[in-house]
Amino acid sequence: MAKIRLHAPFTALHGKMGDLVFRTTRNGTTSVIRKADMSNVEWSPAQIAQRQRFREAQLFARQAMADPEQRKAYEKVARRKHKRAYDVAMSDYFKKLKEKEQVGEDQA
C-alpha cells in the first residue's frame, strides 16, 4: 500500500474526485479506492431485506441521538466500549430485532 505524507496546503483528503474515493479512518489514515460500479448488480431477496433492516437501524440510531436522554445513555455505554454512541445505538437495534425474531420462533 502506498503511503503519502501531506504537507500544507493539503493536510487531509476526503470525498470523491472522478471515480476515486478518499476515505479517512478514525485513526487518521487515508485510503484511495475506485468507486464501486453497482449499476448491474441484481440484489437477492435476502440482500434487499438486510438493506431494509439497515435503513431501519440507521433511522433508530438517528432518533436515539436526537433524544437527549437516550443519547446520554448511549454515550455512557460507548465510552465503556470505546465506540461511538451512534454505533452502539445501531448495534442495539439489531440486538432488539434478533430478540424479537427469537420470541417469534418460540411462539411458532
Side-chain angles (χ1 to χ4, degrees):
M1 174 171 87
K3 294 184 180 184
I4 300 172
R5 191 168 296 161
L6 300 173
H7 299 284
F10 300 107
T11 57
L13 290 172
H14 65 275
K16 293 187 272 184
M17 184 186 311
D19 67 338
L20 297 177
V21 179
F22 300 92
R23 292 183 178 174
T24 304
T25 62
R26 288 175 47 192
N27 67 5
T29 61
T30 301
S31 60
V32 182
I33 62 170
R34 289 204 184 279
K35 181 180 174 189
D37 180 13
M38 305 300 280
S39 59
N40 295 324
V41 174
E42 292 185 26
W43 303 105
S44 72
Q47 288 172 315
I48 292 169
Q50 177 60 20
R51 289 165 65 92
Q52 181 59 37
R53 286 189 294 268
F54 199 83
R55 277 189 211 97
E56 292 167 0
Q58 288 176 316
L59 179 61
F60 174 83
R62 275 191 231 119
Q63 290 172 343
M65 295 300 100
D67 179 17
E69 290 181 21
Q70 278 189 318
R71 183 184 188 105
K72 191 174 181 179
Y74 280 121
E75 285 175 346
K76 184 177 179 181
V77 173
R79 275 192 298 275
R80 191 176 72 240
K81 292 186 173 186
H82 304 288
K83 293 185 177 186
R84 298 184 314 162
Y86 182 86
D87 296 339
V88 174
M90 290 270 294
S91 177
D92 192 34
Y93 176 84
F94 283 113
K95 287 176 186 173
K96 289 178 182 179
L97 185 64
K98 189 173 183 177
E99 288 173 6
K100 283 182 187 178
E101 290 173 355
Q102 288 176 347
V103 168
E105 290 174 1
D106 292 343
Q107 292 177 356

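Source: prediction; values computed, not measured.
- If you take CG on Asp92 and CG on Asp87, they are separated by 12.5 Å, rounding to the nearest 0.5 Å.
- Remark: the Arg55 side chain and the Gln58 side chain contain no N/O donor-acceptor pair separated by less than 3.5 Å.
- For the pair Leu20/Lys35, no side-chain contact is recorded, criterion being any heavy-atom separation below 4.5 Å from C-beta on.
- By the 6.0 Å contact criterion, CD on Glu69 is open, its count of non-hydrogen atoms from other residues, nucleotides or ligands being 12 or less.
- Cluster membership for Phe54 and Ile48, using ILVMFWY side-chain heavy atoms within less than 4.5 angstrom, is not shared.
- Ring pair Phe60/Tyr74 is perpendicular by interplanar angle, where above 60° counts as perpendicular and below 30° as parallel.
- When side chains are defined from C-beta on, Trp43 does not count as touching Gln50, because their heavy atoms never get closer than 4.5 Å.
- Summarising the geometry, atom CG belonging to Leu97 is positioned 7.5 Å from atom CD belonging to Glu56; distances are rounded to the nearest 0.5 Å.
- The shortest non-hydrogen separation linking Met90 to Ala61 is CG-CB, 3.8 Å.
- In this structure, Leu59 is not a member of the same hydrophobic cluster as Tyr86, with clusters built from ILVMFWY side-chain heavy atoms closer than 4.5 Å.
- For the pair Ala89 and Met65, the tightest heavy-atom approach, listed with the atom from each and the gap, is CB-CE, 4.2 Å.
- Minimum interatomic distance between Met17 and Phe22 (heavy atoms only, all atoms of both residues): CB-CE1, 3.8 Å.
- Crowding of Arg53 atom CZ: a count of heavy atoms from other residues, nucleotides or ligands under 6.0 Å exceeding 12.
- Salt-bridge formation is detected for the pair Glu75/Arg71: a Lys NZ or Arg NE/NH1/NH2 atom is positioned less than 4.0 Å from an Asp or Glu carboxylate oxygen.
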